[in-house]
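Just so it is clear, the model here is predicted, and its values are computed rather than measured. Each chain gets a letter, A, B and so on, in the order the sequences are listed, and its residues count up from 1. When reading the values below, keep in mind they use all heavy atoms of this one structure, side chains included, and skip hydrogens, waters and symmetry mates.
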There are 2 protein chains.
Amino acid sequence: MVRPQELSPRARAKADQIREGAQRVFLKRGFAGTSTDMIAAEAGVSKQTLYAYYPSKETLLVEVLRHLIHEDPQNRLPELEEMRLDTQEGLRSALDSLAKELIARLMQPDYLALIRVVIAETPRLPQVGYLFRSAVPEQLLGNVVRVLNSARANGVIGEINTDAASRMFMGALLTYAIPDGLLVGDRPPSPPPTQRIEEIVDLLMKTIS
Amino acid sequence: MVRPQELSPRARAKADQIREGAQRVFLKRGFAGTSTDMIAAEAGVSKQTLYAYYPSKETLLVEVLRHLIHEDPQNRLPELEEMRLDTQEGLRSALDSLAKELIARLMQPDYLALIRVVIAETPRLPQVGYLFRSAVPEQLLGNVVRVLNSARANGVIGEINTDAASRMFMGALLTYAIPDGLLVGDRPPSPPPTQRIEEIVDLLMKTIS
DNA sequence: CCATAATAGAACTGTACTGTTCAGTTTCGC
DNA sequence: GCGAAACTGAACAGTACAGTTCTATTATGG
């Protein structure tokens, strides 16, 4: 069922076209709110073709989410390779830009829609929950822990619990993203002003120094 | 539509009976996964009676959520009145028990189910999102801010940004509750060991001292 | 004990949706 | 250009479900 290597380029393109159409509708209306007729229309494809590529609406949702989570470059986690973590100011600036980048992505309507669908469908499709969990929160936390460990190894910060500190940092951002993004249904999400984010970074720096 | 004051005790009881049955089914199967036949059967009531009290399935969901969020004593936020916030140890113990209490409630299957339904239905029923937001995260954050402000006024902690500190505290707990609760669909949620929670409290104490 | 209101049970309407099928058309490799 | 494969559009089968309506039964209050 649409494993890349076993498809001709033409078939690959059709499968992508269908998946992209499905993605637009799923993210706008959720799984239950989307019919296969809508998907076919949005993808510009007949329902017969849709079912030739994907055996069910559920499979199609899993493919959409798998692609969004694992392959869509727009959802790639911010990279931190080039950061200079050998001074306090380098670390602060790394955390600051990471936080701002994260909030910006997290509060995109499409990303919030993805999270909503994942959370809503996890009881029925547990694999979707694991997929998302291993691709996003675990990677993010791991990244921050690595940054802090590296700064600690460089003697930039004290001997603190880097796991707990990472959770405080990431979690504080969630306290903005959840109420002002996920729990707002009739207006666009309202990201916090950069000053709020800088307060978090400041306090974290104070914590770990 | 079931405003308490305009109902006889008998009618009030029936309305509650229906709402309680609906709650069980909605929390177990979500909104889309629940039929009005299921609700009527679960509540031990005919569909005719159901529609005599609630004009639609959607209304019934809103009533269920409103009750869970605003009136169900099981979902009341932990109280902090009696805490002694005039010493470091008092503050630590207050934060410690608050965190443990919160994690325990947050990771109950029924509470996770409530959150899932709220998040899933917020785009279609924005009032549900606002209801939850104002009843839970805002209250919780406000409570923690008040605790910290009071401790700061008592000279127990330094001149720190109590809003940012509260967000770090609450948020860190979310980094456990979301991946190990909301994003797990086929197993019971796995709360973190108390040691993890104490690490958060320790680091927060370090931050604010 | 009776008149009235509340409820049960069950059938029914209309709609919407998933997945299939079929007849005809387009596209592609060669 | 031709034969095969891919595709369209539309209809269709089967199911599920929200909400209504009917008739019969049960509880309630005076």
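Listed for the B:Asp110 side chain is no donor-acceptor partner under 3.5 Å among the backbone atoms of B:Leu27. Counting only distance, with no hydrogens or angles, the side chain of B:Lys47 and the backbone of B:Ile39 share no donor-acceptor pair below 3.5 Å. Judged by distance alone, with hydrogens and angles left aside, the side-chain atoms of B:Thr207 form a donor-acceptor pair with the main-chain N or O of B:Leu203 at under 3.5 Å.
Scanning atom types as modelled, no donor and acceptor separated by under 3.5 angstrom connect the side chain of B:Gln48 and the base of C:dT7.
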How does each nucleotide of nucleotides 24-30 of chain D score, in 5' to 3' order, for protein heavy atoms under 4.0 Å: base (B), sugar-phosphate only (S), or none (-)?
----S--
Using a 4.0 Å heavy-atom cut-off, write out nucleotides 11-19 of chain C from 5' to 3' as B (base contacted by protein), S (sugar-phosphate only) or - (no contact).
------SBB
Carefully, step by step, assess A:Glu63 and A:Arg19 under the rule salt bridge (charged side-chain N to carboxylate O under 4.0 Å, His left out).
CA-CA 7 Å; A:Glu63 284 309 308; A:Arg19 198 203 57 241; over 6 Å; no
Derivation of the side chain to side chain contact (heavy atoms under 4.5 Å, CB included) call for A:Val144 and A:Leu140
CA-CA 6 Å; A:Val144 179; A:Leu140 277 175; 5.7 Å; no
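In this structure, NZ of A:Lys14 is placed 10 Å from C1' of D:dT8, rounded to the nearest angstrom. One interatomic measurement links the two molecules: CG of B:Leu50 to P of D:dC17, which rounds to 15 Å at whole-angstrom precision. Atom pair B:Arg29:CZ and D:dA16:P shows a separation of 12 Å (rounding to whole Å applied).
Between B:Thr49 and C:dT7 there is no side-chain N or O to OP1 or OP2 distance below 4.0 Å. Phosphate proximity of D:dC7 to A:Tyr53: present, with a side-chain N or O under 4.0 Å from OP1 or OP2.
Taking 4.0 Å as the cut-off between side-chain N and carboxylate O, B:Glu71 and B:Arg66 do not count as a salt-bridged pair.
Ring planes of B:Phe26 and B:Phe31: parallel class, angle under 30° (limits at 30 and 60°).
Considering CG of B:Leu131 and CD1 of B:Ile69, their distance stands at 4.0 Å, rounded to 0.5 Å.
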